[in-house]
Amino acid sequence: MVVLNRWVREEGPQTTARKAGESAAATTANRARRDGSVAMAALGFRVSEVVLCVVSFSIMAADKTKGWSGDSYDHYKEYRYSLFVNVIAFVYSAFEVCDAACYIAKENYMLNCGFHNIFVFFMDQFLAYLLMSASSCAATRVDDWISNWGKDEFTQMATTSIAVSFVAFGAFAVSALISSYRLFTHASS
């Protein structure tokens, strides 16, 4: 099987077997260094996902006002949807933080099965789309509320939660890029 890699700088023909061995060792060392950097970046984004999701669903869960005009997030399906998706994203990303830390420490995943990279890629994509969907739905409800009754503490808390959820979407999108890189580089090797 012949593999063509256009990203490798072409050098003249190797004159000795020693140069070829050194080149292969350097390539292996570069790949190991790059994989280590990717693993650290993946861990960093996973930790940010955990923090952002917990902040987002905590703000949304605390979004209850008292008094005659009191309202609560649980009266609106859009806010419940946003809360639910952020909780799911939090649980998944917390598991992935443990998995990424295990990989960095032992160079092996906690659940090492044949389809780990495919599963992580699928879940990152799925949760990124869910977070975007939930945040968009909740933002529409806030916009409707503000246009009908004006801005108040209830809408400000919901807006803050939604903004943090959109940032969490960004972190999941980057994690999806990292997991796709891992999936396709490990599939080709």
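- Using a 4.5 Å cut-off on side-chain heavy atoms (C-beta onward), Met60 and Thr160 make no contact.
- Every residue meeting the side chain to side chain contact (heavy atoms under 4.5 Å, CB included) condition with Ser58, not counting sequence neighbours, appears here in chain and number order: Val54.
- For the atom pair CE (Met157) and OH (Tyr79), the distance works out to 11.5 Å, reported to the nearest 0.5 Å.
- A distance of 14.5 Å separates CZ of Arg182 from CD1 of Ile118, quoted to the nearest 0.5 Å.
- Between the side chain of Ser93 and the backbone N or O of Ala89 there is at least one donor-acceptor pair closer than 3.5 Å.
- Tyr129 meets the ring-ring contact (aromatic ring centres under 6.0 Å, His included) test with no other residue; sequence neighbours excluded.
- Within the hydrophobic cluster formed by Ile, Leu, Val, Met, Phe, Trp and Tyr side chains joined at under 4.5 Å, directly or through other members, Ile178 is accompanied by Val38, Phe45, Val174, Tyr181.
- With sequence neighbours excluded, no residue forms a ring-ring contact (aromatic ring centres under 6.0 Å, His included) with Tyr81.
- Residues that satisfy the ring-ring contact (aromatic ring centres under 6.0 Å, His included) test with Phe119, not counting sequence neighbours, are absent from this structure.
- Sorted by first and then second residue, the pairs that involve residues 124-136 and meet salt bridge (Lys or Arg N to Asp or Glu O under 4.0 Å), not counting sequence neighbours, are Arg46-Asp124.
- In this structure, Ser136 contributes its side chain and Met132 its backbone to a donor-acceptor pair below 3.5 Å.
- Partners of Tyr92 according to the ring-ring contact (aromatic ring centres under 6.0 Å, His included) rule, which considers only residues two or more places apart in sequence or in another chain, do not exist here.
- Applying the ring pair (Phe, Tyr, Trp, His ring centres under 6.0 Å) definition to pairs two or more places apart or across chains, none involves residues 157-178.
- Both Val55 and Ile162 belong to a single network of hydrophobic side chains, linked directly or stepwise wherever heavy atoms of I, L, V, M, F, W or Y lie under 4.5 Å apart.
- Counting only residues at least two apart or on different chains, no salt bridge (Lys or Arg N to Asp or Glu O under 4.0 Å) pair has a member in residues 108-119.
- Considering OG of Ser179 and CD of Gln125, their distance stands at 6.5 Å, rounded to 0.5 Å.
- Between the side chain of Ser56 and the main chain of Ser161, a donor-acceptor pair closer than 3.5 Å is present.
- The nearest pair of heavy atoms linking Ala134 to Ser82 is CB-CA, 3.7 Å.
- Residues Ile88 and Val97 fall within the same hydrophobic cluster, defined by Ile, Leu, Val, Met, Phe, Trp and Tyr side chains chained together at heavy-atom separations under 4.5 Å.
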| field | Chi angles and distances behind the side chain to side chain contact (heavy atoms under 4.5 Å, CB included) call for Glu78, Thr140 | value | CA-CA 9 Å; Glu78 295 89 353; Thr140 304; over 6 Å; no
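- Nearest heavy atoms, Ala171 versus Leu52: CB-CD1, 4.4 Å.
- Applying the side chain to side chain donor-acceptor pair (under 3.5 Å) test to pairs two or more places apart or on separate chains, those with a residue in residues 164-176 are Glu49-Ser175, Asn86-Ser165, Ser135-Ser165.
- Residues Asn117 and Phe184 form no side-chain contact, since every pair of their non-hydrogen atoms from C-beta on lies 4.5 Å or further apart.
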| said: Between Leu130 and Leu127, is the side chain to side chain contact (heavy atoms under 4.5 Å, CB included) condition met? List the steps. | reply: CA-CA 5 Å; Leu130 273 180; Leu127 287 173; 4.2 Å; yes
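- Other residues, nucleotides and ligands contribute at most 12 non-hydrogen atoms within 6.0 Å of the CZ atom of Phe126.
- Under the side chain to side chain contact (heavy atoms under 4.5 Å, CB included) criterion, Ile104 pairs with Ala39, Met40, Leu43, sequence neighbours left out.
- Applying the salt bridge (Lys or Arg N to Asp or Glu O under 4.0 Å) test to Asp144 and every residue at least two apart in sequence or in another chain returns Arg141.
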